[in-house]
Amino acid sequence: MAHPTQLGFQDAASPIMEELLHFHDHALMAVLLISMLVLYIISVLMTTKLSSTNTIDAQEIEMVWTIMPAIILIVIALPSLRILYLMDEISNPDMTIKTIGHQWYWSYEYSDFTDLNFDSYMIPTKDLEPGHFRLLEVDNRMVTSIGTAARILITAEDVLHSWAVPALGVKSDAIPGRLNQTSFLIPHPGIYYGQCSEICGANHSFMPIVVEALPVPDFLNWINTAQDA
């Protein structure tokens with residue numbers, strides 16, 4: 001959960017988000033080194049009165065400033081492509097959950113279980129309990145179990161929506177008439193918050209997402225309770 005003065009990303013709650021954080025730091029370091037080098041060159045050119053034909057016209061320097069950017073781009077692109085393939089790879093999921101976006105709430109269907117589906121609405125401010133977050137709490141959370149590879153099928157019933165949970169590194173558009181899919185694996189119990197990330201109408205900001213990860217025994221108890229309800 002982000003705090004008001006936070007400048008960086010939320011703490012990673014899934015392996016994919018950990019990879020994204022590492023890549024962010026990797027790319028930011030490359031940007032920092034390039035910025036320092038350019039600033040140094042500009043400062044030298046502005047403060048020195050000396051000039052040399054070796055810097056004004058030199059094939060070696062032209063080769064360096066042509067080849068170096070290409071190398072930097074390769075160093076950034078290779079880890080990026082690796083993460084893209086990791087995010088797109090969904091093999092042998094343990095559980096499938098279908099998410100449907102509506103104006104302005106979410107519906108969840110657990111395809112692996114019989115008669116397990118529900119709607120998830122934001123809790124109004126006047127009904128919040130102590131410790132709950134305004135505009136982020138819902139009446140029915142999407143519950144999953146830790147250590148389980150979950151596949152999320154995402155679609156919409158009316159207009160474009162976007163199912164996004166930053167701590168899990170998950171963001172996928174919900175498009176009417178089309179199924180998108182993403183996946184995540186949560187290693188630790190916790191509650192993770194997200195919101196619709198596509199402007200979808202007047203109440204766009206009132207479509208929170210809450211994912212609760214439980215140990216397997218607690219998750220199975222929740223399944224039995226939800227099916228009996």
Side-chain angles (χ1 to χ4, degrees), residues 1-90 133-136 152 154 160-175 180 182-188 190-201 204-211:
M1 181 66 190
H3 54 78
T5 58
Q6 183 171 337
L7 297 179
F9 292 101
Q10 297 183 25
D11 293 337
S14 69
I16 289 296
M17 190 57 191
E18 291 180 0
E19 294 286 344
L20 289 172
L21 289 179
H22 292 157
F23 175 71
H24 169 265
D25 296 340
H26 169 76
L28 201 60
M29 185 58 64
V31 171
L32 179 63
L33 294 176
I34 294 171
S35 302
M36 291 176 61
L37 177 61
V38 172
L39 183 61
Y40 170 74
I41 294 174
I42 292 174
S43 63
V44 168
L45 292 176
M46 293 181 64
T47 55
T48 182
K49 296 182 179 179
L50 301 177
S51 61
S52 172
T53 56
N54 292 329
T55 57
I56 294 176
D57 184 17
Q59 295 294 327
E60 292 81 3
I61 293 179
E62 291 181 3
M63 290 180 61
V64 169
W65 70 41
T66 301
I67 295 174
M68 283 298 294
I71 295 175
I72 293 172
L73 288 176
I74 292 174
V75 169
I76 294 176
L78 291 180
S80 174
L81 291 173
R82 174 178 173 271
I83 296 176
L84 284 174
Y85 278 107
L86 287 175
M87 295 176 68
D88 194 52
E89 183 68 24
I90 302 175
F133 298 103
R134 178 177 172 270
L135 301 182
L136 287 177
I152 312 299
I154 302 169
L160 292 177
H161 301 279
S162 184
W163 199 82
V165 183
L168 302 179
V170 172
K171 183 180 185 294
S172 183
D173 288 339
I175 303 173
N180 287 333
T182 185
S183 66
F184 57 77
L185 187 148
I186 305 176
H188 307 293
I191 300 174
Y192 309 100
Y193 295 89
Q195 288 179 303
C196 177
S197 297
E198 187 76 44
I199 297 177
C200 56
H204 156 69
S205 58
F206 305 116
M207 288 184 63
I209 301 161
V210 183
V211 178

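Being a predicted model, the structure only gives us computed values, none of them experimental.
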With sequence neighbours left out, write down each residue that passes side chain to side chain donor-acceptor pair (under 3.5 Å) with E19, or none if nothing qualifies. R82

Pairing residues for H26 by the ring pair (Phe, Tyr, Trp, His ring centres under 6.0 Å) criterion, not counting sequence neighbours: none

Can you give me the closest heavy-atom contact between N180 and S172, atom names plus distance? CB-OG, 3.4 Å

According to side chain to side chain contact (heavy atoms under 4.5 Å, CB included), who are the partners of S205, at least two apart in sequence or on a separate chain? none

Please examine the side chains of V210 and L136, heavy atoms only from C-beta on, and report whether any two atoms are closer than 4.5 Å. no

Pairing residues for L39 by the side chain to side chain contact (heavy atoms under 4.5 Å, CB included) criterion, not counting sequence neighbours: none

Hey, is CD1 on I199 packed in by over 12 heavy atoms from elsewhere, all under 6.0 Å? no

Return the set of residues passing side chain to side chain donor-acceptor pair (under 3.5 Å) with D11 (not counting sequence neighbours), or none when no residue passes. none

Salt bridge (charged side-chain N to carboxylate O under 4.0 Å, His left out) contacts in which one or both residues fall within residues 68-79, not counting sequence neighbours: none

State which residues pass side chain to side chain contact (heavy atoms under 4.5 Å, CB included) with L84; sequence neighbours excluded, sorted by chain then number. S80, L81

My understanding is that only residues two or more places apart in sequence, or in another chain, count here; which of them pass ring pair (Phe, Tyr, Trp, His ring centres under 6.0 Å) with F23? none

Applying ring pair (Phe, Tyr, Trp, His ring centres under 6.0 Å), can you list everything that pairs with F133, at least two apart in sequence or on another chain? Y193

Residues in side chain to side chain contact (heavy atoms under 4.5 Å, CB included) contact with L37, at least two apart in sequence or another chain: I41

Of all pairs that satisfy side-chain hydrogen bond (donor to acceptor under 3.5 Å, both in side chains), the ones with a partner from residues 30-44, not counting sequence neighbours: none

Would you indicate whether the side-chain heavy atoms of I186 and Y192 approach each other to under 4.5 Å? yes

Any M36 side-chain heavy atom under 4.5 Å of L32 side chain: yes

Enumerate, atom names and distances included, each donor-acceptor pair closer than 3.5 Å involving a side-chain atom of residues 161-168, sequence neighbours excluded.
{"from": "H161", "atom 1": "NE2", "to": "H102", "atom 2": "O", "distance (Å)": "3.4"}
{"from": "H161", "atom 1": "NE2", "to": "D158", "atom 2": "OD1", "distance (Å)": "3.0"}
{"from": "S162", "atom 1": "OG", "to": "D173", "atom 2": "OD1", "distance (Å)": "3.4"}
{"from": "W163", "atom 1": "NE1", "to": "Y108", "atom 2": "OH", "distance (Å)": "3.3"}

